[in-house]
Participant: 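After the structure tokens below, expect a handful of questions from me.
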Amino acid sequence: MENKIYLKGEITIPPDKSISHRSLILAFLLNSKIKIKNLSLCEDCISTLKILEKLGLKYEFLSKNELILDSSNTLKSNSSNIENIELDCGNSGTTTRLLSGFFARSNYKVTLIGDESLSKRPMKRIIEPLEQMGAKITSNNNKLPMTIEGTKLKNIEYFSPIASAQVKSCLILAGLGIENVTTVYEPILSRNHTELMLKYLGADIVCSKDKKGYYTKIKKSNLNPKDIEIVGDISSAAFFMAASAIIPNSSIKIKNVGINPTRTGILNVFDTAQIDYELSNQKTLSNELCADITVNYTKNIKPFKISGDLIPRLIDEIPILALLATQAQGICEVSNAQDLRNKESDRIKTIVRSFSTLGVDIKEKEDGFIIKGKVDFNKSATLETFLDHRLAMTYYILSLINKQKLTIKGLDCINTSFPEFFNLIKQLKYEN
Ligand code: S3P
């Protein structure tokens with residue numbers, strides 16, 4: 001079966017998932033009415049929305065991704081009737097970890113539950129610092145289900161051993177309710193959407209760097225209600241960017257992609273790999289930079305290495321960048337990415353296994369992998385997604401360059417982050 005598919009055209013990428021979670025949580029904390037334009041309606045964000053709705057947030061859709069949120073009468077202002085509410089976080093680590101920071105200092109007692117994949121993921125990274133702040137948490141061996149009984153917290157200075165935006169944001173959302181300054185240090189700067197949105201809403205927050213690392217200082221603040229417009233998700237765009245780079249004859253323009261520098265590690269990789277791309281039409285929406293990105297098929301993709309400071313800036317793109325690596329002329333290596341083992345699946349193991357099944361020369365490392373390109377995919381196989389949406393989309397793009405039939409089990413999980421994925425593929429896909 002010879003592969004004759006290519007991608008051409010222009011698409012607008014759906015809203016950023018990370019920023020959407022934050023906009024919902026902060027809208028909930030505003031005690032007011034605001035409009036959110038371009039909210040992601042992926043399953044993960046719906047998990048956050050449904051939880052907040054259960055706590056009294058009212059919302060009304062004005063159009064598909066635009067809604068009015070009203071938090072002026074939520075349960076938090078009437079705590080007497082709040083007794084252990086079970087809240088389902090679905091597949092979403094961001095929902096779980098960010099909301100935990102707020103719950104720890106709230107009037108609520110909640111039990112957070114999640115699906116099979118989320119229930120395996122580590123929560124110690126937030127339980128430990130929150131307990132240092134005085135939080136009352138019980139968990140299933142540092143995993144979900146996790147019960148949090150809100151209490152008065154004390155401020156701390158915390159040095160996070162990992163660069164995790166979820167840990168940082170959890171502690172920022174806890175610190176936002178405490179009079180004195182809470183400081184969170186991280187070794188490498190992770191995505192800073194919480195900080196940017198809080199600044200946009202007028203919070204008392206300072207972000208900088210000293211010799212101990214990157215820090216955020218936050219204290220109790222009055223937020224100013226303001227409408228929020230959300231940029232497109234570079235982590236979703238990444239699948240189309242890579243696809244266009246590796247599928248002969250392709251050329252696509254992706255509009256409205258968030259290019260916050262804490263998220264654009266993929267562009268640094270594209271620079272090293274000498275992928276033919278360009279940015280245009282840059283602007284800022286609600287404190288976040290965005291641009292249109294055009295990517296053209298690139299015949300000679302140069303090998304690249306991903307490690308160190310780059311890792312948090314492209315952590316969710318590693319599965320699709322692994323596919324890009326298979327098309328490079330030489331050896332590519334990913335290092336310092338051990339946290340990939342704690343994502344929706346153990347992404348180091350699942351990528352190594354599936355790529356090996358397809359005949360790729362890939363070597364597993366504790367903190368990454370080494371891939372030898374250039375691979376001519378020409379094998380029939382069945383691949384498992386393990387409820388991991390980013391693996392599912394990577395396999396699908398791989399199927400477009402594989403000359404034999406690829407069966408992918410569990411593609412439904414793509415709805416976790418990117419329900420529009422197949423529609424956009426349909427819009428761009430042509431046959432020679
Ligand atoms: C996210 C942060 C990242 C990322 C996840 C979303 C966020 O996780 O992998 O998909 O919205 O804060 P870590 O911060 O745990 O690395």
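Note that the structure is predicted; figures quoted are calculated from it, not measured. Note that ligands are numbered from 1 as they come in the structure, with each ligand's atoms numbered from 1 the same way.
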Participant: For ligand 1, does His21 get within less than 4.0 Å through its side chain, its backbone, both, or neither, judged by non-hydrogen atoms?
Facilitator: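 Neither; nothing of His21 gets under 4.0 Å from ligand 1.
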
Participant: Provide, to 0.1 Å, the distance between atom 11 (O) of ligand 1 and the closest protein heavy atom, together with that atom's residue and name.
Facilitator: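 Nearest protein contact, heavy atoms only, for atom 11 (O) of ligand 1 is Ser18 OG, 2.7 Å.
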
Participant: Spell out, as yes or no, whether a donor-acceptor pair under 3.5 Å connects the side chain of Asn336 to the backbone of Gly308.
Facilitator: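 Indeed, once roles are kept as given, a pair shorter than 3.5 Å links the two residues.
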
Participant: Between Arg191 and ligand 1, which residue portion shows a heavy-atom distance shorter than 4.0 Å: side chain, backbone, both, or neither?
Facilitator: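 The part of Arg191 near ligand 1 is the side chain, not the backbone.
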
Participant: For ligand 1, find out whether one of its N or O atoms is nearer than 3.5 Å to an N or O atom of Asp339.
Facilitator: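 No, there is no polar N/O contact under 3.5 Å.
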
Participant: Who's closest to atom 9 (O) of ligand 1 heavy-atom-wise, of Asp316, Asp44, Thr95?
Facilitator: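 Among Asp316, Asp44, Thr95, the closest heavy atom to atom 9 (O) of ligand 1 comes from Asp316.
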
Participant: Between Arg125 and Ile162, is there a side-chain heavy-atom distance shorter than 4.5 Å?
Facilitator: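 They are in contact (side-chain heavy atoms under 4.5 Å apart), so the answer is yes.
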
Participant: For the ring pair Phe421 and Phe240, is the centre-to-centre distance below 6.0 Å?
Facilitator: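 Between Phe240 and Phe421, which both carry aromatic rings, the centre distance is below 6.0 Å.
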
Participant: Counting non-hydrogen protein atoms only, what is the nearest one to atom 14 (O) of ligand 1? Give residue, atom name and distance.
Facilitator: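 That would be Ala165 N, 2.7 Å.
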
Participant: Give the atoms of ligand 1, by number and element, whose distance to some non-hydrogen atom of Ile315 is under 4.0 Å.
Facilitator: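 So the atoms of ligand 1 that pass are 9 (O).
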
Participant: Taking only heavy atoms of Lys343, which atoms of ligand 1 are found under 4.0 Å from at least one of them?
Facilitator: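 Listed by number with element: 3 (C), 4 (C), 8 (O), 9 (O), 13 (P), 15 (O), 16 (O).
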
Participant: Quick one: look up the protein heavy atom nearest atom 1 (C) of ligand 1 and list residue, atom name and how far away it is.
Facilitator: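 In this structure, atom 1 (C) of ligand 1 has Gln166 NE2, 3.6 Å as its nearest protein heavy atom.
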
Participant: Starting from atom 15 (O) of ligand 1, find the nearest protein heavy-atom neighbour and note its residue, name and distance.
Facilitator: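 Closest protein heavy atom to atom 15 (O) of ligand 1: Ser164 OG, 3.0 Å.
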
Participant: Distance only, no hydrogens: is a donor on one side chain within 3.5 Å (strictly under) of an acceptor on the other, for Arg191 and Ser18?
Facilitator: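 Side chains of Arg191 and Ser18: pair found under 3.5 Å.
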
Participant: Tell me if the centroids of the rings in Tyr396 and Phe239 come within less than 6.0 Å of each other.
Facilitator: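 No - the distance between ring centres of Tyr396 and Phe239 does not fall below the 6.0 Å cut-off.
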
Participant: In terms of side-chain geometry, is the basic nitrogen of Arg353 or Glu364 positioned less than 4.0 Å from the acidic oxygen of its partner?
Facilitator: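 No, this pair does not count.
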
Participant: Between Lys17 and Asp44, is there a salt bridge with N-O shorter than 4.0 Å?
Facilitator: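 Yes, Asp44 and Lys17 are salt-bridged.
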
Participant: Got a salt bridge between Asp88 and Lys50, using NZ or NE/NH1/NH2 to carboxylate O under 4.0 Å?
Facilitator: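 No, this pair does not count.
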
Participant: Measure the distances from the heavy atoms of Arg22 to every atom of ligand 1 and state whether one is below 4.0 angstrom.
Facilitator: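 It does; at least one heavy atom falls under 4.0 Å.
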
